[in-house]
Amino acid sequence: MNPRNVEQVDALAAEYVLGTLRGRARQRLERLARTQRSIADAVRAWEERLLPLAEALPPVAPPSRVWSAIISRIGAQGSASSASRPASVGWWRGFALAGLAMSLALAVVLLRGTPERAEGNLVIVLAGQDAKPVLVASATRSSRYLTVKAVAPLNVASDRALELWMLPDGGNPRSLGVLPGGPPSAIARIELPATADQALQSIPALAVSLEPAGGSPTGQPTGPVLYTGPVQRLY
Amino acid sequence: MRSDPATQLERNARLMALLARTALKDQQAFAELYRQTSPHLYAVALRILREAAPAEEVLQESFVNVWHHAGSYVAARSQPLTWLTSIVRNRCLDQLRRREVETVAMDDEEEGVAIAAEDPTPLETLLSGADALAVKDCVESLEPGQKQAIALAFFQGLSHSELARHLRQPLGTVKSWVRRGLERLRGCLDRAGVTR
C-alpha cells in the first residue's frame with residue numbers, strides 16, 4: 001500500500017472497518033493508522049459511515065458475570081458495592097440519569113454567554129419522573145452559595161415544604177435546607193457547607209423531597225422524592 | 001437503539017458525559033455506561049463470534065480497556081457509541097484472526113461458515129439499520145450481491161473467502177461486490193451528509 005495513494009488508502013480503510021481486511025494487511029493498516037493522521041482519518045470516517053448500522057441489531061443483555069469480571073479486573077474498591085450492581089442503582093439514580101440529556105441541553109442554554117462560564121460552573125437540573133426540568137441549581141466553583149431557580153410552576157401546599165438534598169455516592173442524603181416558598185420565578189440562595197467545588201465534590205446528584213413545613217423532622221427525607229438531577233461540572 | 005435524530009442526540013450527550021466521568025475514574029458513571037451500552041455491544045460481539053464465551057470475553061476486555069482509556073476518547077472526532085462499537089468489533093476481528101491461524105489445518109468443509117439461522121437475516125438487519133439512519137436509499141441503491149456481501153461481512157464478520165463459499169461465488173466476484181458496494185455506499189452516504 002502506498003500511503004499517499006488516497007483512493008487506495010480509503011478502499012483499505014473501508015475494508016478494515018467492514019472487517020474483510022484480514023491477516024497481515026489488517027495489522028499493517030492498524031499500525032500505519034497509529035502514526036499517520038490521514039490513514040487514521042480515513043478509518044474514522046468509515047467507522048462513522050458503517051458502525052451505526054450495528055445499532056439495528058436487537059440488543060442482548062450479557063450475563064452478570066461479565067460485569068463482575070470487569071469490576072474485579074479494574075480493581076474497584078470503595079464504591080464497588082454500588083458499582084457492582086449497575087442495574088439497581090438506588091431509588092434516585094435511575095431517574096437522575098434519565099434527565100441528564102435534557103439537563104445538559106438546558107444547562108448549555110442557561111450558561112450561554114454568562115460571564116461566570118470562564119471560571120467554571122456547577123449545574124444541577126432537577127427534574128421529575130417525566131424528565132421535565134422543574135428547578136435549576138447552579139454555582140460557580142468557588143461560590144459558597146447555590147442559586148436555585150424554578151423553571152416550572154411548583155405547587156406546594158402551605159403546610160408542606162420542599163427540601164434540597166445532596167445524594168453522596170453510597171451514603172445517606174445530606175440536607176442543604178428547605179427551599180423558600182414564593183413566586184415560581186423567584187431565585188433562592190442556598191448556603192453550602194464549603195465552596196461549591198468542594199461541597200459537591202463527591203456528590204453525583206441532588207434531590208428534592210416533599211417534607212412537612214420547616215423541613216424533615218428526622219434529618220433524612222421522609223416524604224416522596226419529587227425531583228432529582230445529576231451534578232454537572234462544566235469546567 | 002433505533003431512534004430518531006433528537007433521541008440520538010440526547011443519547012450521545014448522555015454517553016459523552018458518562019465517558020467523561022469514566023475518564024475521571026467515576027465508577028458510578030462507568031457502571032451506568034456499561035448498563036446503557038453493553039446489551040448493544042454484546043449483540044455485536046455475539047453475532048460476529050457466534051458463541052457466548054468468546055463474546056463475553058471480548059466484552060469484558062473492551063470495557064476494561066474503556067476504563068483505562070476513556071480519556072483518549074475525543075468527543076469531537078467520533079460518536080460515543082461508534083467509538084465503543086469500534087473497540088468491540090476490532091477485538092472480535094482479532095479473535096477471528098487468531099482462530100483462522102489456529103484452524104488453518106482443519107477440514108475446511110467441516111469448519112464451514114456456520115451462520116445461525118437467526119431472524120432477522122443480516123440483510124434484513126442491514127436494511128432496518130439503514131432505515132433508522134435515514135440512509136435506506138443508499139443501501140437500497142446497492143446491487144443485490146453487493147448488499148448481501150456487505151451485510152454478511154459486517155454483521156457476521158465473514159472474510160472474502162468465507163463470503164465466496166457462503167454465496168457460492170468465485171472469490172473475485174465477491175471481492176468486487178464488496179469493493180464496489182463500499183464505493184457506492186460512500187458516495188451515497190457522503191451526499192446524504194452522514195459523515196461530517
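Naming: A, B, ... by sequence-line order, numbering from 1 per chain.
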(message) Checking B/Q146 against B/R180: is there a side-chain donor and acceptor pair closer than 3.5 Å?
(response) no

(message) Under a 3.5 Å cutoff, is there a donor and acceptor pairing between the side chains of A/W165 and A/S209?
(response)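 Per modelled atom types, A/W165 and A/S209 side chains form a pair under 3.5 Å.
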
(message) So, using side-chain contact (heavy atoms from CB on, under 4.5 Å) as the criterion, who are the partners of A/A194 when residues are at least two apart?
(response)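 Here the qualifying residues are A/Q198, A/A199.
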
(request) Applying salt bridge (charged side-chain N to carboxylate O under 4.0 Å, His left out), name anything that partners B/R186, two or more places apart in sequence or on another chain. (result) A/D10, B/D190

(request) Only counting residues at least two apart or in another chain, list the ones meeting salt bridge (charged side-chain N to carboxylate O under 4.0 Å, His left out) with B/E183. (result)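 Per chain and number, B/E183 pairs via salt bridge (charged side-chain N to carboxylate O under 4.0 Å, His left out) with no residue.
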
(message) Sub-4.5 Å heavy-atom contacts with chain A: which residues of residues 54-64 of chain B show up?
(response)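 Expected list: B/E56, B/L59, B/Q60, B/E61, B/F63, B/V64.
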
(message) Between B/R11 and A/E55, does any side-chain N to carboxylate O distance fall below 4.0 Å?
(response) yes

(message) Can you tell whether the side chains of B/R35 and B/E32 come within less than 4.0 Å, N to carboxylate O?
(response) yes

At a heavy-atom separation under 4.5 Å, does [X] approach chain B through its side chain, its backbone, both, or neither?
X: A/A14; value: both
X: A/L21; value: neither
X: A/V43; value: neither

(request) Let me know if B/L182 has heavy atoms under 4.5 Å from chain A in its side chain, its backbone, both or neither. (result) both

(message) What part of B/R89 gets within 4.5 angstrom of chain A, counting heavy atoms only: side chain, backbone, both, or neither?
(response)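 Just the side chain, heavy atoms under 4.5 Å.
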
(message) In this structure, is the centre-to-centre distance between the rings of A/W67 and B/F30 below 6.0 Å?
(response)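 B/F30 vs A/W67: aromatic centres under 6.0 Å.
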
